[in-house]
Amino acid sequence: MTRVRTVLFDRDSILAGNPTDPDRVRAAPGAREALGMLRLHGVRTGFVALRPGAGHGGLGDAGVRAVNHRVDELLGPFDIRGMCPHRPEDGCRCRPPEPGLILWAAGRVCTGPAECAVVGTAADAEAAARVGAHGILVPDERTGPQETARAGHVAPDVLTAVRALLAGPPQGRVLVDERPIASAFENGEA
């Protein structure tokens, strides 16, 4: 069984809300604890994101840096940060469900796809699957039932996803972990 060495998160759906205004960025529920568990176990962490409003008068480079800085203040430090600057109609290879951003981020921290996991949207999970990484969908109010049905692994929240990853590559389609969070820190085991 290959150990997961790097976990990438969708910044905007999993780690933080309000990505278009650095002053309004807030840590998502469970994100701080999930990242702490990974770091405690020596797992590299990173985030990937779509540039808000790319090509439509959205955040400029300074705004993106300010949002990322705020996420770092709330949840950092991160080993890698990746951003797709393209619009959906650009046909790039980095915007999920295309896997380019995941491959780039994993390569920057010298992790092969089989040792990488991506926790995020249905598109993130699909992009991970396309390159042999472990994708975990954490559904939100925008996730359709067909997306949940197609996902290889589904977790109800970021903490459950991370606990499952710390036990090894995800096993089963729906990941469930009912243990109290304190037990995930005991003896270095999840």
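Heavy-atom basis, side chains included; hydrogens, waters and symmetry copies ignored.
Side-chain contact between Thr6 and Glu115: absent, with no pair of heavy atoms (C-beta onward) separated by less than 4.5 Å. In this structure the side chain of Asp23 never reaches within 4.5 angstrom of the side chain of Val25, judged on heavy atoms. Under the 4.5 Å side-chain criterion, counting only non-hydrogen atoms from C-beta, Pro113 is not in contact with Ile102. Proximity of Arg87 to Asp90: side-chain heavy atoms (C-beta onward) are separated by under 4.5 Å at one or more points. The shortest distance between side-chain heavy atoms of Pro96 and Leu50 falls below 4.5 Å. Two residues are said to be in side-chain contact when any heavy atoms from C-beta on lie closer than 4.5 Å; Thr121 and Thr143 fail this criterion. Contact check for Arg39 versus Thr45: side-chain heavy atoms found under the 4.5 Å cut-off. Between Arg5 and Cys116, every side-chain heavy-atom pair lies at or beyond the 4.5 Å cut-off.
In terms of heavy-atom proximity, Arg93 sits nearest to Glu98 at O-CB, 3.4 Å. The two atoms that bring Val158 and Ala34 nearest to each other are CG2-CB, 4.0 Å, heavy atoms only. Minimum heavy-atom separation, Asp157 to Val138: CA-CG1, 3.8 Å. The heavy-atom pair separating Cys94 from Cys84 by the smallest distance is SG-SG, 3.4 Å. Minimum heavy-atom separation, Asp140 to Ser13: OD2-CB, 4.2 Å. In plain terms, the two heavy atoms of Ala151 and Leu137 that are nearest each other are CB-CD2, 3.8 Å.
Atom-to-atom distance recorded for Phe47:CZ and Asn68:CG is 4.0 Å, nearest 0.5 angstrom. With values rounded to the nearest 0.5 angstrom, Arg26 atom CZ is found 6.0 Å from Arg70 atom CZ. In this structure, CG in Leu74 is found 9.5 Å from NE2 in His69, a value given to the nearest 0.5 Å. To the nearest 0.5 Å, atom NE2 of residue His153 and atom CG of residue Leu165 are 9.0 Å apart. Taking CZ from Phe9 and CG from Asp124, the interatomic distance works out to 11.5 Å, rounded to the nearest 0.5 Å. With values rounded to the nearest 0.5 angstrom, Leu8 atom CG is found 12.0 Å from His134 atom NE2.
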Please step through side-chain contact (heavy atoms from CB on, under 4.5 Å) for the pair Glu33 and Leu159, ending with a clear verdict. CA-CA 7 Å; Glu33 295 85 355; Leu159 283 172; 3.7 Å; yes
Pair Val48-Arg11, side-chain contact (heavy atoms from CB on, under 4.5 Å): steps then yes or no: CA-CA 6 Å; Val48 292; Arg11 184 194 69 193; over 6 Å; no
Derivation of the side-chain contact (heavy atoms from CB on, under 4.5 Å) call for Val43 and Arg3: CA-CA 10 Å; Val43 177; Arg3 178 176 173 256; 3.9 Å; yes
Start with the C-alpha distance between Met83 and Val64, add both sets of side-chain angles, then the distance that settles side-chain contact (heavy atoms from CB on, under 4.5 Å), and finish with yes or no. CA-CA 9 Å; Met83 180 74 58; Val64 169; 3.5 Å; yes
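Ionic pairing of Arg81 and Asp72 is present here: one or more N-O contacts between side-chain nitrogen and carboxylate oxygen are shorter than 4.0 angstrom.
By the criterion of side-chain heavy atoms lying less than 4.5 angstrom apart, applied directly or through intervening Ile, Leu, Val, Met, Phe, Trp or Tyr residues, Val7 is not grouped with Val109; the two fall into different hydrophobic clusters. Using a 4.5 Å cut-off between side-chain heavy atoms of Ile, Leu, Val, Met, Phe, Trp and Tyr, with links allowed through other members, Val4 and Ile14 fall into the same hydrophobic cluster.
Of the possible polar contacts, none joining the Arg108 side chain to the Ile80 backbone as a donor-acceptor pair under 3.5 Å is found.
Figure legend: cation-pi geometry between Arg44 and Phe78 absent, as NZ or CZ is not positioned both under 6.0 Å from the six-membered ring centre and within 45° of its axis.
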